[in-house]
Amino acid sequence: MREKGDQHLEQWMMNEVKMALPPDFDTTQLFGNMDENMELISKHYNVTVMQYPDELVIRGEFPDRALAAIQELQMVLADGEQLDHQKLP
């Protein structure tokens with residue numbers, strides 16, 4: 001018999017999106033000093049962001065919303081702008 005917590009964990013695990021990273025993509029600015037940008041996104045969207053060499057994996061309650069925010073930040077950087085707290089969620 002499943003526990004209620006197990007069902008919640010299974011549902012949380014099912015909410016996952018992935019974002020491919022180009023081989024030469026530098027995540028330093030995207031993640032911020034000591035990963036502060038990703039921590040803000042994680043808290044705001046109730047997700048966990050995991051970085052792998054070729055992709056980001058986002059799991060949690062609203063991973064699609066977090067992905068959209070990360071992609072928006074990525075476009076800001078591609079335009080040559082710097083990220084600041086006004087551009088973060």
Side-chain angles (χ1 to χ4, degrees):
M1 185 168 175
R2 288 187 184 171
E3 297 288 322
K4 187 173 184 171
D6 290 340
Q7 288 175 324
H8 178 70
L9 180 61
E10 283 179 24
Q11 183 176 357
W12 183 83
M13 294 295 287
M14 289 182 0
N15 294 330
E16 175 182 287
V17 294
K18 295 180 180 183
M19 177 180 141
L21 295 174
D24 60 341
F25 185 74
D26 181 12
T27 58
T28 306
Q29 285 188 336
L30 181 64
F31 274 63
N33 185 33
M34 297 182 67
D35 296 343
E36 69 180 341
N37 296 346
M38 287 305 114
E39 286 182 28
L40 287 171
I41 287 173
S42 293
K43 288 179 184 176
H44 185 79
Y45 295 103
N46 194 24
V47 297
T48 300
V49 179
M50 295 166 288
Q51 179 184 359
Y52 295 98
D54 60 345
E55 69 182 359
L56 295 180
V57 177
I58 306 165
R59 291 182 182 145
E61 190 171 354
F62 301 110
D64 52 337
R65 294 179 189 174
L67 175 62
I70 291 169
Q71 289 172 329
E72 190 173 322
L73 295 176
Q74 194 176 18
M75 287 189 291
V76 168
L77 291 172
D79 288 342
E81 296 181 48
Q82 296 293 317
L83 295 181
D84 57 36
H85 288 284
Q86 292 178 343
K87 294 180 177 85
L88 296 170

Can you tell me how far CG of L77 sits from OG1 of T28, rounded to the nearest 0.5 angstrom?
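So the OG1 of T28 and the CG of L77 are separated by 10.5 Å.
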Give, for atom OG1 of T48 and atom CZ of R59, the distance between the pair rounded to the nearest 0.5 Å.
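CZ of R59 is found 8.5 Å from OG1 of T48.
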Identify the two heavy atoms, one from [X] and one from [Y], that lie closest to each other, and give their separation to 0.1 Å.
X   : Y   : value
E61 : Y45 : CB-O, 4.3 Å
E39 : M34 : OE2-O, 3.6 Å
Q74 : L30 : N-CD1, 4.1 Å

Check whether any side-chain heavy atom of [X] lies under 4.5 Å from a side-chain heavy atom of [Y], and answer yes or no.
X   : Y   : value
V17 : F62 : no
I41 : L73 : yes
Q71 : M19 : yes

Among V47, I58, N37, which residue satisfies the side-chain contact (heavy atoms from CB on, under 4.5 Å) criterion with I70?
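Considering V47, I58, N37, a side-chain contact (heavy atoms from CB on, under 4.5 Å) with I70 is found only for I58.
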With sequence neighbours excluded, residues passing side-chain contact (heavy atoms from CB on, under 4.5 Å) with P22:
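Residues passing side-chain contact (heavy atoms from CB on, under 4.5 Å) with P22: D24, F25.
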Residues that, via side-chain heavy atoms closer than 4.5 angstrom, fall in one hydrophobic cluster with M50:
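Its cluster partners, ordered by chain and number, are Y52, V57.
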